[in-house]
Amino acid sequence: MLKLALKALLVFVLCFVLRQVLFDVLWLDPDFPNAYDASFEHALMLQAKALSAESDDEVIVFGASYVPFSIDNAEMESVLGRKTQILGVEASMGIPILIDILYETAQPGDTIVYMLGTANHSMEDTVAICAALESDKEMLMSYIQKRDGLKDSRSNLIWRKLYTLTLGKPVIWAESKLAKKKQVYSIDSFDENGNMTIDRPVPLPAMAGFTGAYESIEMDDVDLKTVDQLNEFSEWCKKNDITFVIAYAPYMDVIIINTEEQLNEFQDEVTSCLHVDFINRLQDTIMSRDCFYNHPSHLTSPYAKVYSHDLAVALKNYCEGKQ
């Protein structure tokens with residue numbers, strides 16, 4: 001019995017060591033091939049690199065996928081006369097990684113806008129984040145260390161990278177050919193400033209299915225862990241001469257059932273726990289269904305300009321009022 005137990009223990013140790021070695025080779029060895037350079041997640045690293053470059057008096061808008069879908073950099077810059085940078089790719093990455101990047105890259109004089117929508121959770125998809133940072137081993141290792149080694153995610157990360165390097169690329173190629181159109185979720189859809197370069201002229205046909213009200217905006221939509229992180233970040237910004245404000249993301253009119261009074265009550269609840277100035281109201285960002293591209297928070301290109309113009313004006317008025 002003791003002999004069997006020792007053998008089992010040896011097998012366990014060997015498997016543990018093998019997993020550690022395999023993870024280090026696949027993800028941290030600079031000579032091992034990358035799997036995600038062409039993935040849309042990789043846009044996050046490009047955005048982080050752009051933020052790391054010296055740039056005074058920059059406007060940074062961060063949050064979930066509705067940030068790149070709703071912000072038109074050129075429109076923001078034309079109103080503000082300041083460089084605008086987007087930080088955010090998709091909701092599954094969570095907000096903590098974005099705040100971590102801003103701690104490393106934001107500079108005195110910057111103005112940072114957090115776009116508050118329904119995707120504001122603190123949960124992170126470690127595969128998506130590791131895919132985003134894969135080609136910069138220093139950034140990737142820093143993330144792994146901050147998350148205590150990603151002990152519970154290593155097996156998943158190993159198998160996901162092996163799959164992507166073998167079966168994943170042919171599957172993606174076949175899906176692209178069958179779709180017979182340019183994929184929205186691609187690295188080619190973003191420039192280094194986070195701006196979506198793919199044209200989204202009109203809503204996709206699927207948007208016609210959003211015909212009725214079914215969503216009540218409530219405090220349950222706001223992740224309290226994210227609230228704490230945003231409040232901590234706000235204090236850090238004040239100490240470092242950085243302006244930090246919050247703006248509401250776009251909302252589709254036909255899916256919201258809140259009355260005006262309920263929206264005001266929601267605003268009161270949010271501001272009681274989020275100690276950050278808001279530069280607009282949720283009512284200001286409710287837009288009709290024909291403004292949205294492929295999701296109730298993702299705008300078409302023309303309406304991204306409209307939203308960006310309104311946001312830039314609100315931000316300009318706020319900053320001028322603080323002088």
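When reading the values below, keep in mind they use all heavy atoms of this one structure, side chains included, and skip hydrogens, waters and symmetry mates.
The two residues E134 and P33 make their nearest non-hydrogen contact at OE2-O, 4.2 Å. S234 and H275 get closest at one heavy-atom pair: OG-O, 3.8 Å. Among all heavy-atom pairs drawn from L44 and A132, the shortest one is CB-CB, 3.9 Å. Counting all heavy atoms, side chain and backbone alike, I71 lies closest to L311 at CD1-CD2, 3.5 Å. The minimum heavy-atom distance linking C273 with N231 is given by the pair O-ND2, 2.8 Å. Annotation for I95 and G63: closest pair CD1-CA, 4.3 Å, computed over non-hydrogen atoms.
A 4.5 Å side-chain heavy-atom check between K161 and F32 finds at least one atom pair inside the cut-off. Side chains of T226 and I99 form no contact here, defined as non-hydrogen atoms less than 4.5 Å apart. W27 has its side chain within reach of L157: a pair of non-hydrogen atoms, C-beta onward, lies under 4.5 Å apart. Proximity of M141 to L133: side-chain heavy atoms (C-beta onward) are nowhere separated by under 4.5 Å.
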Would L315 and L80 count as a side-chain contact (heavy atoms from CB on, under 4.5 Å) here? Give the steps. CA-CA 8 Å; L315 181 59; L80 297 169; 3.9 Å; yes
side-chain contact (heavy atoms from CB on, under 4.5 Å) between L102 and I112, worked out: CA-CA 9 Å; L102 289 169; I112 301 176; 4.2 Å; yes
As a quick check of understanding, evaluate side chain to side chain donor-acceptor pair (under 3.5 Å) for H298 and S65, giving each step before the final call. CA-CA 8 Å; H298 295 173; S65 60; 2.7 Å; yes
Stepwise side chain to side chain donor-acceptor pair (under 3.5 Å) check, N73 with Q85: CA-CA 7 Å; N73 294 44; Q85 170 73 45; 5.9 Å; no
For N34 and S135, what are the C-alpha separation, side-chain angles and deciding distance, and is it a side chain to side chain donor-acceptor pair (under 3.5 Å)? CA-CA 7 Å; N34 292 331; S135 59; 4.8 Å; no
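Between atom NE2 of residue H309 and atom CD of residue E75 there is a gap of 6.5 Å, rounded to the nearest 0.5 Å.
Between F244 and F233, the distance separating the two ring centers is shorter than 6.0 angstrom. Taking the six-membered ring where the residue is Trp, the centroids of F69 and F292 are separated by 6.0 Å or more.
Taking the charged nitrogens against the carboxylate oxygens, K225 and D228 have no contact shorter than 4.0 Å, which rules out a salt bridge. In summary, R147 and D100 engage in a salt bridge, as defined by a charged side-chain N under 4.0 Å from a carboxylate O. The pair K49-D136 meets the salt-bridge criterion, with a side-chain N (NZ, NE, NH1 or NH2) lying under 4.0 Å from an Asp/Glu carboxylate O.
The side chain to side chain contact (heavy atoms under 4.5 Å, CB included) with S308 is formed by just one residue from the set V313, T84, V61, D72; it is D72.
T285 places a side-chain N or O within donor-acceptor distance of the main-chain N or O of A249, the cut-off being under 3.5 Å. Looking at R289, its side chain never comes within 3.5 Å of a backbone N or O of M252 through a donor-acceptor pair. Remark: the backbone N or O of N264 is not paired with any side-chain donor or acceptor of Q267 at under 3.5 angstrom. Judged by distance alone, the side chain of S153 and the main-chain N or O of V127 form no donor-acceptor pair under 3.5 Å. With N280 contributing its side chain and A247 its backbone, the two residues share no donor-acceptor pair below 3.5 Å. Proximity of a side-chain donor or acceptor of K137 to a complementary backbone N or O of L28 within less than 3.5 Å is not detected. Between the side chain of R154 and the backbone N or O of G149, at least one donor-acceptor pair lies under 3.5 Å. Judged by distance alone, the side chain of S39 and the main-chain N or O of Y36 form a donor-acceptor pair under 3.5 Å. Between the side chain of D223 and the backbone N or O of S122 there is at least one donor-acceptor pair closer than 3.5 Å. No donor-acceptor pair closer than 3.5 Å links the side chain of S297 to the backbone N or O of Y66.
Side chains of Y143 and E124: a donor-acceptor N/O pair is present below 3.5 angstrom, by distance only. A side-chain N or O of E260 and one of Q283 form a donor-acceptor pair less than 3.5 Å apart. Side-chain contact, S92 with E90: a donor N or O sits under 3.5 Å from an acceptor N or O.
For M219, the CE atom sits in a packed shell: over 12 heavy atoms of surrounding residues, nucleotides or ligands are nearer than 6.0 Å. In the displayed structure, R200 atom CZ is contacted under 6.0 Å by more than 12 heavy atoms of other residues, nucleotides or ligands.
Listed by chain and number, the residues in a salt bridge (charged side-chain N to carboxylate O under 4.0 Å, His left out) with D277 are K322 (sequence neighbours excluded).
The aromatic rings of F266 and Y248 sit tilted relative to each other, their planes meeting at an angle between 30° and 60°.
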